[in-house]
Protein chains: 2
Amino acid sequence: MSDTEIDPLRLDRMLCFAIYAAGHAFNRFYKPRLDALGLTYPQYLVLLVLWEQDGLSIKMLGERLILDSGTITPLVKRMETRGLMRRERDHEDERVVRVYLTEEGRALRQRALSIPLEVAGATDFDLDAIDQLRMALEQLREKLDAGPDDIAGPGER
Amino acid sequence: MSDTEIDPLRLDRMLCFAIYAAGHAFNRFYKPRLDALGLTYPQYLVLLVLWEQDGLSIKMLGERLILDSGTITPLVKRMETRGLMRRERDHEDERVVRVYLTEEGRALRQRALSIPLEVAGATDFDLDAIDQLRMALEQLREKLDAGPDDIAGPGER
DNA sequence: AAAATTTAGATTGCGCACAATTAAATTGTA
DNA sequence: TACAATTTAATTGTGCGCAATCTAAATTTT
C-alpha cells in the first residue's frame, strides 16, 4: 500500500457515481419546470418520443427509452388518466397496444420548448462540449450494454 | 422551419437522456456483480462511503450521496437487517443516528475490489478519458444544482 | 389443422427517490 | 428558567425501474 497506489473504491473517483449524481441533478433541475406542466421526467421523455412519432406501440416506446413493460405500462396509463394520450389495440395485431396523443398531449409541446434553453443557460456549456459529452456517454452506454467481451463483436463476423 | 433548424426537443440530442440511459446501463452492468454480494447499487454506494469513513450519521451519508433521509433511512435499515451495519444514537446528541459497519460489512470490501476493474475492462476507455468524462459530469451537476443565476457565485468570495 | 413456440403487454413484488409532514432533541435568547 | 427557532430523523404517499410471472394473441412447425 504505497502512497502512489490509488484506492479503486473511492466514491469521488467513480464515473458511475458521477453519472448517478448528475442524473439526480437533472431531475431536480427539471422538476419545477415539469411540475408546471403536470409531468414527471419519465413522462416528459414519453412525450418527447410521441411528439416525434405518434401512434407507437408500448414495445417501441420501451425500446426508444430503454425501459420495459413493467415501467411503461403504468406510466402510460397514468398519462392516459391525465388526458394526455389514448391507448388502443392494433386491429392488425391484437397483441400490440398503440399510444396516440390527445390534443392536450400535443399542445404541451409548445410549453416544453423553453426547457432545453433553460438547461443550456444554467450549464453554460458550449454546444460542442455538450455534444461531445453526450456522445461519450452514448458510447459508454453501448459498451456497458454490449455484455461480456462483446459476444458478437463488431469487427469480423 | 427551415431544414437547417434543429428541433430542440429531439430525444437523441438530449444530454439529459444520455445521462439517464447511461445510469440505467450502469445499473444493469452492476446488477449481476452486486447480486453476488447481496447488494443493490445504492447499497453499494453506502458501503463505499462507510469503507472510507465508518460511523457517519444519516445526514452525512445523505450529503455524501446527495440523497435525503426518506431514501437513506429505509436503505440503511435494510442493510442493518442483512447484518452489514448497526445503527446507534449518538450519546452526545440524541438526534443523530450513527451507522457502524459490522465485521461482515467490512469484509465485503475485498469482494467488491474487482468490480471497478470489470467496468474498466468492459468500457475500455483509457483512464484519462474516464477522468475527463467524470469531471465534466461533476461540473455539470454543480451548475444544475447551483440554481437560477448562481446565487452565491464561485468566483470571488 | 393441431401443437409448440414466440411475442406483446399486464401484473406482482421489491427497492429506490423525493416532497411533505411530524416528532424529538438541541441551541439560542430574553 | 422558559420558550422559540433550528436541526436531525423518521414517516407517509406517489412514481418510477426492473425481475419474474402470467395471459392472450400470433406465428411457426409438424
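In what follows, chains carry the letters A, B, and so on, assigned in the order in which the sequence lines appear, proteins first and then strands, with residues in each chain numbered from 1.
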Separation of A:Met79 atom CE from D:dT14 atom P, in whole Å? 19 Å

Does anything in residues 21-29 of chain A reach DNA chain C, meaning a heavy atom under 4.0 Å, and if so which residues? A:His24, A:Arg28

Side-chain N or O of A:Tyr20 less than 4.0 angstrom from OP1 or OP2 on C:dA17? yes

Taking the side chain from A:Asp131 and the backbone from A:Arg134, do they hold a donor-acceptor pair closer than 3.5 Å? no

Angle between ring planes, B:Trp51 versus B:Tyr44, binned at 30° and 60°: parallel, tilted or perpendicular? perpendicular

Hey, which of A:Val99, A:Leu61, A:Leu101 is the one that makes side-chain contact (heavy atoms from CB on, under 4.5 Å) with A:Val46? A:Leu61

How bent is the helix from C:dA1-D:dT30 to C:dA30-D:dT1, measuring the angle between the end axes built from five pairs each, rounded to 10°? 10°

Using only side-chain N and O atoms of B:Arg82, determine if any of them is under 4.0 Å from OP1 or OP2 of C:dG15. yes

What is the distance, to the nearest angstrom, from the CZ atom on A:Arg89 to the C1' atom on C:dA8? 8 Å

When you measure from the side chain of B:Gln43 to the backbone N and O of B:Thr40, does any donor-acceptor pair fall under 3.5 Å? yes

For a quick test of reading the model, state the closest non-hydrogen atom pair linking B:Arg141 to A:Ala21 and the distance between them. CD-CB, 3.6 Å

Please give, in whole Å, the distance from D:dA19 P to B:Leu34 CG? 13 Å

Ignoring hydrogens, what is the shortest heavy-atom contact between A:Leu133 and B:Ala136? Give both atom names and the distance. CD1-CB, 4.0 Å

With a 3.5 Å distance limit and no angle check, can you tell me whether B:Glu52 reaches the backbone of A:Leu11 through a side-chain donor-acceptor pair? yes

Is B:Arg87 touching bases, backbone alone, or none of the nucleic acid, heavy atoms closer than 4.0 Å? sugar-phosphate

Are A:Phe26 and A:Tyr41 an aromatic pair by the rule of ring centers under 6.0 Å? no

Cluster question for you: counting only ILVMFWY and a side-chain heavy-atom cut-off of under 4.5 Å, with indirect links fine, are B:Leu140 and B:Leu65 together? yes

Give every donor-acceptor pair under 3.5 Å between a side-chain atom in residues 108-115 of chain A and any protein atom, sequence neighbours left out.
from	atom 1	to	atom 2	distance (Å)
A:Arg109	NH2	B:Asp7	OD1	3.2
A:Arg109	NH2	B:Asp7	OD2	3.3

Step by step, work out the salt bridge (charged side-chain N to carboxylate O under 4.0 Å, His left out) result for B:Asp93 and B:Arg98. CA-CA 10 Å; B:Asp93 185 338; B:Arg98 295 195 175 279; over 6 Å; no

B:Gln43 CD - C:dA17 C1' separation (whole Å): 14 Å

To the nearest angstrom, how far is A:Leu39 atom CG from D:dT14 atom P? 18 Å

Between atom OH in B:Tyr30 and atom C1' in C:dG15, what is the gap in whole Å? 19 Å

Given D:dG15, C:dG9, D:dT8, the nucleotide with the shortest approach to the side chain of A:Arg78: D:dG15

Could you run down nucleotides 23-28 of chain D 5' to 3' and tag each one B, S or - for protein heavy-atom contact under 4.0 Å? --BS--

Do you know the tightest heavy-atom contact between A:Asp54 and A:Arg106? OD2-NH1, 3.9 Å

Test your reading of the model: is there a side-chain donor-acceptor pair from B:Thr71 to the backbone of B:Leu67, 3.5 Å cut-off? no

Please list, by residue number, the residues of residues 55-76 of chain B whose heavy atoms come closer than 4.0 Å to an atom of DNA chain C; answer none if no residue qualifies. B:Ile66, B:Leu67, B:Asp68, B:Gly70, B:Thr71, B:Leu75

Under 4.0 Å between a side-chain N or O of A:Lys77 and OP1 or OP2 of C:dT11? yes

Of all residues at least two apart in sequence or in a different chain, which pass the salt bridge (Lys or Arg N to Asp or Glu O under 4.0 Å) check with A:Arg89? none

